[in-house]
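In what follows, a structure is listed as structure tokens, so that the remarks can point back to it.
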Amino acid sequence: MIFLKTEDEIDLMRAANQLVAKTLTEVGKIVTPGVTTRQLDKVAEEFIRDHGGIPTFLGFPNPSGEPFPASICTSVNGQVVHGIPSDEPLKDGDIVSVDCGALLDGFNGDSCYTFRVGEVSEETNRLLKVTKEALYLGIEAARVGRRIGDIGYAVQQHVESNGYGVVREFVGHGIGRDMHEEPQVPNYGKRGDGKMIKNGLCIAIEPMIVSGSPQIWMLPDKWTIVTRDGGMAAHYEHTIAVHQGKTEILSSFEEIEKIENQY
Ligand code: MG
Ligand code: MG
């Protein structure tokens, strides 16, 4: 069942997602060669709690019932999603996808940004650019009267026409009082397929895109998802609300991009 949100609820969703955006900005400020993903996690957890939120990922169970041990997922290079923060320092040329969720006043925010560590290769830059473009094309397709499949179609077309692969096993999702609600929002699909997009719909759109084959493995830690061929993976995610006939992005990359452009 899809829970369509009222305007008051969307206000709360916006606040939760702005907290996530600010948290990712704080993380982005310290992403640099030599920093560990555990340090990024510490900054994120403190920032969320200092602003009255609860880090949703901390303790979130995997299908085996084991709790996620950190407040953010940090997926480096060929790691696609659900990477666990560690004491391994990031290196120049790495990329790290930081996925962050926070619960604030009963509603969830969820957003992910793939950060560059120092200078990355032209190839990696192109993967990041195409993945981010795919996210915004997906958002553009999410309009009242269209269907969920239109979103996946837009993402998939852009990604595959640029020679990249779409990971199938993980998808976007409805979001609200729960981090994962109906409907699922795949990053592939057919035009005109799936549920109708209506006012009040809040969803997270999150293309997980790889430079090579979209085949994945799960590491023995039962969390980290990696590309089988060792190719690079990028992941950008926004939470959006469709309301009053318009589509609003509730999360934001604005401040993150300002920091990035200082380099
Ligand atoms: Mg997320
Ligand atoms: Mg999500």
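Atoms within each ligand, like the ligands themselves, are counted from 1 in listed order. Residue indices begin at 1 and follow the sequence shown.
Taking the centre of each ring, H180 and F60 come in below the 6.0 Å mark. Taking the centre of each ring, F253 and H238 come in below the 6.0 Å mark.
Look at H180 and the Mg ion (ligand 2): no N/O/S atom of the residue is under 2.8 Å from the metal.
Taking the Mg ion (ligand 2) as reference, H173 places its N/O/S atom NE2 nearest.
Within the protein, the N, O or S atoms sitting under 2.8 Å from the Mg ion (ligand 1) are D99 OD1, D99 OD2, D110 OD1, E237 OE1.
Every residue was checked against the side-chain hydrogen bond (donor to acceptor under 3.5 Å, both in side chains) condition with D50, not counting sequence neighbours, and none meets it.
Under the 4.5 Å side-chain criterion, counting only non-hydrogen atoms from C-beta, L137 is not in contact with V155. Looking only at side-chain heavy atoms (C-beta outward), Q157 and Y188 stay at 4.5 Å or farther from each other.
Each of L103 and V20 belongs to its own hydrophobic cluster when Ile, Leu, Val, Met, Phe, Trp and Tyr are linked at side-chain heavy-atom distances under 4.5 angstrom.
No option in E7, K198, E9 other than E7 meets the side chain to side chain donor-acceptor pair (under 3.5 Å) test with H243.
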